[in-house]
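Contents: one structure, followed by commentary.
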2 protein chains.
Amino acid sequence: MIPDSYSLHKRLAMKKNKLSRKEREQLQRRALILQAALELFSEKGYHNVTMQEIAIRAEFAVGTLYKFFKNKEELYKEILMQTANLFRSALSNVLEEKGDEYAQVKKYLKTKCKLFMENILLVRLYFAEAGAGVSISVKRELETELRSFYEQVIQKLACVFEKGIQKKFFRPLDPYYLALAFDGMSNAFLFSGLEDPDRHPVDTNLIEEIFFEQIYLT
Amino acid sequence: MIPDSYSLHKRLAMKKNKLSRKEREQLQRRALILQAALELFSEKGYHNVTMQEIAIRAEFAVGTLYKFFKNKEELYKEILMQTANLFRSALSNVLEEKGDEYAQVKKYLKTKCKLFMENILLVRLYFAEAGAGVSISVKRELETELRSFYEQVIQKLACVFEKGIQKKFFRPLDPYYLALAFDGMSNAFLFSGLEDPDRHPVDTNLIEEIFFEQIYLT
DNA sequence: TCTTATAATGAATTTATATTCATTTTGTGA
DNA sequence: TCACAAAATGAATATAAATTCATTATAAGA
């Protein structure tokens, strides 16, 4: 793979770091482009952002974007898949930890809130596209992939509920729907907090209380 | 308003019906265009539908569309506002009926489900655009208007919860967040049912049980 | 039937923007 | 410092779709 023409020190460096400085620089530039695109897409939506705008925001020429990404759609796809992977892996990990199911669900909520807060741009973009399970600006292929990621997380959450039911922690209702309900409820809070964080700060304790405790008395 | 040139029978007819046959025909054509556009928009999204396509589906010429709507955006706007109004007025009415707050919330859920089922295309479109509170293909003006419609409904629902709390029907938690939680939870079920109605039929009793009853035991 | 007004048509125009590629710039090793 | 390869550039091109408007068709009254 490494051409003979490469100088010795370069070849040595590559053995060590795997990536040469040049390659690291390229990767960084790529990331800059992705970041600029993310900002613009999440502000204005896929179709209302031009490659020119992305180029300007990233401080490159349009042509350069095409050195890094085949076309606009690829660029977009990569951003969405990034988000989906980030969320899926973080939430899956939480749900795979062993232990008290009640605590696990609470941890899931905490983690989800944290992810939302720390990735507001990504969240806006992701849910604008795949949010209600009604995607529209992306090809069906990608849409399907995104939905499957969401399904995977809900399924894992359902497993936790199921174990919790077996242990008599939770009321014996269909665990899939419990997961759906819990996730949907927390989404409502998170979106509301996303819109206006000052007026509607996200209170995970309140979410838990509404979900887990009795609302209708007697 | 009625020009003198109009013949007698026409003028008489207009006194009675308010609208002449011609006007009724125009209105019907307008509705046909809106219907065709709704179908296409909800299938493929605003930006992936051309005026040509709408014209073909509605069986008119492109130019004709512009006789009825100033431009593509107006056409779109009208469809979204239709939905928003339909939902807001139906749900507001339910929530203004006097009586038992527990029953009112249940009625709200029933009505919402019915609206979803009977207007799947509109729902898909509406939530793809304004769903997560993250609109993107529309101008900010319309986006704000749509969000305010949603807020109004949530506020009304919150009032019902508030009254219910006063009467000790419900656990005394912030009524706004109770409303948000109930609505968010039901949305999750409805979207899931929208995606795959056979595998996930919407069960309002289950939604109520999860929301109102205790989930975490002891 | 003829005339006129009203409405519908769709080819042509305009506009917008994704993508390309000939040219320029930059960085590297000799 | 120079020559060369690699990378970046952005004006030019291609493409697609929104909108217009001169022309044609339709309907209504005389």
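None of these values were measured; they are calculated from a predicted model. Per chain, numbering begins at 1; letters A, B, ... match sequence-line order.
For the pair B:Arg21 CZ and D:dA28 C1', the interatomic distance rounds to 9 Å; values are reported in whole Å. Rounded to whole Å, atom P of C:dA8 lies 13 Å from atom CZ of B:Arg30. Taking atom CD on B:Glu59 and atom P on C:dG10, their separation rounds to 12 Å, with Å as the unit. The CZ-C1' distance, from A:Phe60 to C:dT26, rounds to 14 Å in whole Å. The separation between A:Ile54 atom CD1 and C:dT19 atom P is 10 Å, rounded to whole Å. In this structure, A:Glu25 atom CD and D:dA7 atom C1' are separated by 11 Å, rounded to whole Å. Between B:Glu23 atom CD and D:dA27 atom C1' there is a gap of 16 Å when expressed in whole angstrom units. Atom-to-atom, CD1 of A:Ile56 to P of C:dA18 comes out at 12 Å; the value is rounded to the nearest Å.
For A:Arg29, no side-chain nitrogen or oxygen approaches OP1 or OP2 of D:dA7 to under 4.0 Å.
A cation-pi contact, defined as under 6.0 Å to the ring centre and within 45° of the axis, is absent between B:Lys77 and B:Phe69.
Between the side chain of B:Lys156 and the backbone N or O of B:Val94, no donor-acceptor pair lies under 3.5 Å. Within the 3.5 Å criterion, the main-chain N or O of A:Thr50 finds a donor-acceptor partner in the side chain of A:Glu53.
A side-chain donor-acceptor contact under 3.5 Å links B:Asp183 and B:Tyr150.
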**Request:** Determine, for nucleotides 16-23 of chain D in 5'-to-3' order, which nucleotides have protein heavy atoms under 4.0 Å from the base (write B), from only the sugar-phosphate (write S), or from neither (write -).
**Result:** -SSBBB--
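Ion pairing between B:Glu151 and B:Arg147 fails under the 4.0 Å rule for side-chain N and carboxylate O.
Across all non-hydrogen atoms, the minimal contact from A:Lys44 to A:Asn48 is O-ND2, 2.9 Å.
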